[in-house]
Amino acid sequence: MKRQRTVRGTLSFLDKNDVKYLDFTAFNEEGFDQRYVDQYRTLYNNVIVKKLFKHFDILPFNNDVIFNFFGRDDNSHNWYGVFYEPEELTFDLKKVLKGDFSGLEELRNYSVANKVH
């Protein structure tokens with residue numbers, strides 16, 4: 001259970017359980033199943049909040065930024081994330097975990113500095 005507190009441990013667990021889609025309700029597209037709530041929270045907190053929001057200086061409770069789901073490409077272990085707002089902005093989890101935020105510059109529009117008038 002301890003390994004699932006890390007992003008890598010969580011992704012490994014999801015891969016082993018053949019989970020390919022995980023949204024905020026912890027819904028697994030292959031069949032309605034809310035067993036993965038803890039795994040979603042781990043990914044959301046460690047990737048979205050601690051990596052992306054921190055890097056782009058976005059408040060975690062910013063209602064203008066809406067994360068949609070985590071997904072995995074068929075026949076691979078390549079996980080990605082998709083925002084609902086900004087519309088369908090997609091990123092590769094491995095790249096973000098390595099500090100590569102390329103292609104995500106649009107998130108700068110939601111930073112605290114840009115919201116101060």
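Residues: numbered from 1 along the sequence shown. Every value quoted in this text rests on a predicted model; they were computed, and no experiment measured them.
Closest approach of Asp74 and Lys20 over heavy atoms only: OD1-CD, 3.7 Å. Among all heavy-atom pairs drawn from Glu105 and Phe56, the shortest one is CA-CE2, 4.3 Å.
With sequence neighbours left out, Arg41 forms a salt bridge (Lys or Arg N to Asp or Glu O under 4.0 Å) with Asp38. Partners of Asp100 by side chain to side chain donor-acceptor pair (under 3.5 Å), not counting sequence neighbours, listed by chain and number: Ser102. Partners of His55 by ring-ring contact (aromatic ring centres under 6.0 Å, His included), not counting sequence neighbours, listed by chain and number: Phe101.
Contact check for Leu52 versus Ile58: no side-chain heavy atoms found under the 4.5 Å cut-off. Here the side chains of Ile48 and Phe53 are in contact, with some heavy-atom distance below 4.5 Å. Contact of the Thr42 side chain with the Tyr40 side chain is not registered, since no non-hydrogen atoms from C-beta on lie closer than 4.5 Å. Contact annotation: the side chain of Val96 approaches that of Leu104 to within less than 4.5 Å [non-hydrogen atoms, C-beta and beyond]. The shortest distance between side-chain heavy atoms of Leu11 and Leu43 falls below 4.5 Å.
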Table please: side-chain donor-acceptor pairs of residues 82-95 below 3.5 Å, with sequence neighbours left out.
residue	atom	partner	partner atom	Å
Thr90	OG1	Glu88	O	3.2
Asp92	OD1	Lys94	N	2.8
Asp92	OD1	Lys95	N	3.3

Can you give me every donor-acceptor pair (side chain of residues 65-73, partner residue at least two apart or in another chain, under 3.5 Å) with its distance?
residue	atom	partner	partner atom	Å
Arg72	NE	Asp15	OD1	3.3
Arg72	NE	Val19	O	3.3
Arg72	NH1	Ser76	O	3.1
Arg72	NH2	Asp18	OD1	3.1
Arg72	NH2	Val19	O	3.4
Asp73	OD2	Asn78	ND2	3.0

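With rounding to the nearest 0.5 angstrom, the CH2 atom of Trp79 is 10.0 Å from the OG1 atom of Thr10.
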